[in-house]
Colleague: 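Sending over a structure as structure tokens; questions will come in a sec.
As the structure lists them, so they are numbered: ligands from 1, and atoms in each ligand from 1. Positions are given from 1, in the same order as the sequence printed here.
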Amino acid sequence: MQNEEIVKLVENHKKFYTTGKTKNLSFRIEQLKKLKSAIEKYEDAILDALEKDLSKPAHESYASEIGFVLNEIDYMIKKIHSFSKPKRVKTPILYWGGSSYIIPEPYGVALIIGPWNYPFQLLMSPLAGAMAAGNCSVLKPSELAPHVSSVIKTLVCDTFETQYISVVEGSVEASTTLLQQKVDYIFFTGGTRVGKVVMEAAAKNLIPVTLELGGKSPCIVDKDIHLNYTARRIAWGKFLNAGQTCVAPDYLLVHKDIAEKLCLEIVKSIEEFYGKDPLESKHYVRIINEKHFDRLVRLLDEGKIFYGGQSKREERYISPTIIRDLSFDSLIMQDEIFGPLLPVIEYQTLDEAIEMINRKPKPLALYIFSKNKKIQDKVLEETSSGGVSVNDTISHITTKFLPFGGVGESGMGNYHGRASFDTFSHKKSVLKNTFLFDAKLKYPPYTISLKWFKKLLKLV
Ligand code: NAD
């Protein structure tokens with residue numbers, strides 16, 4: 001799409017928003033239902049596109065992309081009346097007879113920019129929140145998942161008026177032009193580097209942002225655990241989508257007494273999931289492109305490969321890999337891995353593990369496996385992260401009852417369930433005064449003493 005077309009498209013969204021149509025709850029519900037039906041209609045095309053872009057198995061695609069979004073839409077439809085109700089709050093005695101409340105009001109036009117790793121869910125789930133809150137939306141899918149991008153474009157064009165919801169396909173150029181427009185909200189999911197570009201662009205027009213970013217999510221494993229469940233939950237969270245998940249456990253910090261046993265048990269889980277040769281498995285995903293493949297292969301040079309380490313460039317395949325004998329300062333420990341390589345670093349004391357985590361920027365997710373509540377509590381108390389799963393991986397982001405988002409370098413703002421509605425709503429504070437009386441004391445000329453004036457102010 002040409003730059004001028006993008007400018008015109010955003011203008012048309014603004015015009016449509018000012019008609020007030022999207023503020024009507026029946027309209028919002030009807031459109032959410034249309035979105036749901038369209039996703040159901042396009043289900044096969046979405047699964048096919050995910051298979052083409054990432055070799056995602058249908059079960060994973062359904063659970064983590066389509067099913068997830070359908071659940072969000074259902075929840076929005078069910079809760080929209082209660083979410084959008086003005087909330088009454090107390091009124092100070094000075095305004096006796098008046099009333100105060102908070103009205104959730106749509107921002108206007110929301111720009112939603114998505115990444116390639118869960119290319120359907122990460123555009124459609126925020127879209128459900130934006131629609132429920134009464135906004136118009138422009139979607140910008142990732143160019144690195146072109147088949148999914150194309151299905152999203154067709155689905156949206158086929159379902160909604162272009163002035164209400166539109167899709168701009170393309171890469172950095174399209175994104176840059178979109179970021180120059182005076183939209184009313186920007187919701188970005190992607191890497192920390194681009195997150196900074198987005199925030200800088202938003203600052204120029206003082207546009208509020210949500211940044212859903214990434215980072216290195218640590219996984220601490222104490223020696224007091226259920227070994228088999230721990231290994232299985234780690235292997236699943238790490239090798240799902242071949243490690244290309246923003247909340248995948250990036251690296252393990254394992255108590256030295258259990259490191260060997262745990263690594264062997266993770267190997268067992270990998271072989272249970274994908275067989276002895278994951279290259280042959282229909283359930284194992286490929287790396288998105290050659291650039292990321294080459295980046296990941298370079299990370300195999302340090303440490304000792306305990307398991308895996310095989311790769312095949314023509315197929316963008318890298319096997320599930322466990323790496324040991326690494327230092328915390330090695331290359332693989334510098335940036336988010338975003339691939340199926342699992343570094344295992346041993347610790348002797350929990351303080352040492354916590355100190356290592358706190359040396360790095362605040363992660364998007366943190367995992368702690370331990371039966372010991374004191375250890376769980378100490379980790380929760382002494383570390384900061386977007387979210388935490390205790391004795392599991394990824395699970396805390398799958399529930400609509402918990403807001404999902406990062407902190408510090410892993411992002412700002414959150415969504416999922418109620419949080420999605422709130423994210424796309426401005427909370428407008430309203431105080432309605434009465435005409436029953438007018439407290440003259442607040443007006444000049446000030447006739448009461450400062451002492452009484454101070455007492456009066458306490459009533460506000
Ligand atoms: P990315 O930041 O490279 O790209 C994301 C989007 O931004 C794409 O649509 C892309 O076209 C656009 N973009 C790229 N460069 C741009 C620029 N200079 N200016 C404007 N727009 C630009 O991210 P990615 O590689 O698609 O995704 C991987 C990253 O996303 C990882 O770091 C991962 O952790 C993170 N991620 C975070 C979440 C989350 O929910 N927090 C979810 C998935 C992925």
Side-chain angles (χ1 to χ4, degrees), residues 1 6 53-54 64-65 68-69 72 111-126 129 138-146 148-149 152-153 167-181 183 186-202 204 209-217 237-238 240-250 287-289 291-293 295-296 334-339 361-366 385-387 394 396-398 402-416 419-420 423:
M1 196 180 269
I6 294 179
D53 287 333
L54 282 141
S64 64
E65 306 254 18
F68 186 92
V69 175
E72 275 284 303
L111 166 61
I112 303 174
I113 302 177
W116 52 262
N117 61 333
Y118 290 86
F120 187 77
Q121 188 228 120
L122 295 172
L123 271 190
M124 291 296 161
S125 167
V138 190
L139 308 179
K140 156 62 184 82
S142 169
E143 69 283 14
L144 300 187
V148 176
S149 172
I152 289 175
K153 172 109 189 168
V167 178
V168 174
E169 289 187 276
S171 57
V172 181
E173 204 192 332
S175 213
T176 306
T177 309
L178 279 166
L179 287 169
Q180 286 160 353
Q181 309 311 306
V183 295
I186 299 175
F187 188 101
F188 171 80
T189 307
T192 301
R193 185 188 62 78
V194 183
K196 290 179 186 172
V197 174
V198 170
M199 195 159 170
E200 209 178 318
K204 289 201 176 111
V209 288
T210 294
L211 300 177
E212 293 282 337
L213 311 178
K216 286 185 94 58
S217 297
K238 179 71 190 186
L240 173 81
N241 210 26
Q244 302 166 110
T245 303
C246 56
V247 285
D250 187 273
I287 305 304
I288 185 75
N289 58 24
K291 190 175 144 214
H292 280 284
F293 174 92
R295 174 184 66 79
L296 288 163
Q334 302 310 308
D335 294 317
E336 180 182 18
I337 298 170
F338 223 54
K362 293 177 182 178
L364 183 59
L366 184 145
S385 58
I394 301 188
H396 68 284
I397 77 151
T398 61
L402 286 173
F404 166 51
V407 58
E409 286 197 18
S410 57
M412 60 184 70
N414 47 45
Y415 72 130
H416 286 184
S420 289
T423 284

Colleague: Can you tell me which portion of Asn117 lies within the under-4.0 Å heavy-atom range of ligand 1? Options are side chain, backbone, both, or neither.
Modeller: side chain
Colleague: Considering non-hydrogen atoms of the protein only, which is the closest contact for atom 17 (C) of ligand 1, and what is the distance?
Modeller: Val172 CG1, 3.6 Å
Colleague: Indicate yes or no for a side-chain donor-acceptor contact from Ser410 to the backbone of Gly215 under 3.5 Å, with no hydrogens or angles considered.
Modeller: no
Colleague: Decide side chain to side chain donor-acceptor pair (under 3.5 Å) for Glu169 and Ser149; before the verdict, give the C-alpha distance in whole Å, the side-chain angles of both, and the deciding distance to 0.1 Å.
Modeller: CA-CA 7 Å; Glu169 289 187 276; Ser149 172; 2.7 Å; yes
Colleague: Tell me whether Ser175 has any N or O atom under 3.5 angstrom from an N or O of ligand 1.
Modeller: yes
Colleague: Does ligand 1 have a heavy atom under 4.0 Å from the side chain of Ile113, from its backbone, from both, or from neither?
Modeller: side chain
Colleague: Note the single closest protein heavy atom to atom 13 (N) of ligand 1, along with its residue, its atom name and the distance in Å.
Modeller: Val194 CG1, 3.7 Å
Colleague: Indicate, as side chain, backbone, both or neither, the part of Val247 found under 4.0 angstrom from ligand 1 when only non-hydrogen atoms are considered.
Modeller: neither
Colleague: So which heavy atom in the protein is nearest atom 39 (C) of ligand 1, and how far is it from that ligand atom?
Modeller: Cys246 SG, 3.5 Å
Colleague: Out of Gly114, Ser149, Ser142, who gets a non-hydrogen atom closest to atom 6 (C) of ligand 1?
Modeller: Gly114
Colleague: At what distance is the nearest protein heavy atom to atom 26 (O) of ligand 1, and which residue and atom is it?
Modeller: Trp116 CD1, 3.0 Å
Colleague: Where does Leu122 meet ligand 1, judged by heavy-atom distances below 4.0 Å: at the side chain, the backbone, both, or neither?
Modeller: side chain
Colleague: Among all protein non-hydrogen atoms, which one is nearest to atom 32 (O) of ligand 1, and what is the separation to 0.1 Å?
Modeller: Glu336 OE1, 2.7 Å
Colleague: Pick from Val194, Thr210, Val209, Leu111: which one makes a side-chain contact (heavy atoms from CB on, under 4.5 Å) with Phe188?
Modeller: Val194
Colleague: Would a search of protein heavy atoms around atom 4 (O) of ligand 1 find one under 4.0 Å away?
Modeller: no
Colleague: Indicate, with yes or no, if the rings of Tyr118 and Phe68 have centres closer together than 6.0 Å.
Modeller: no
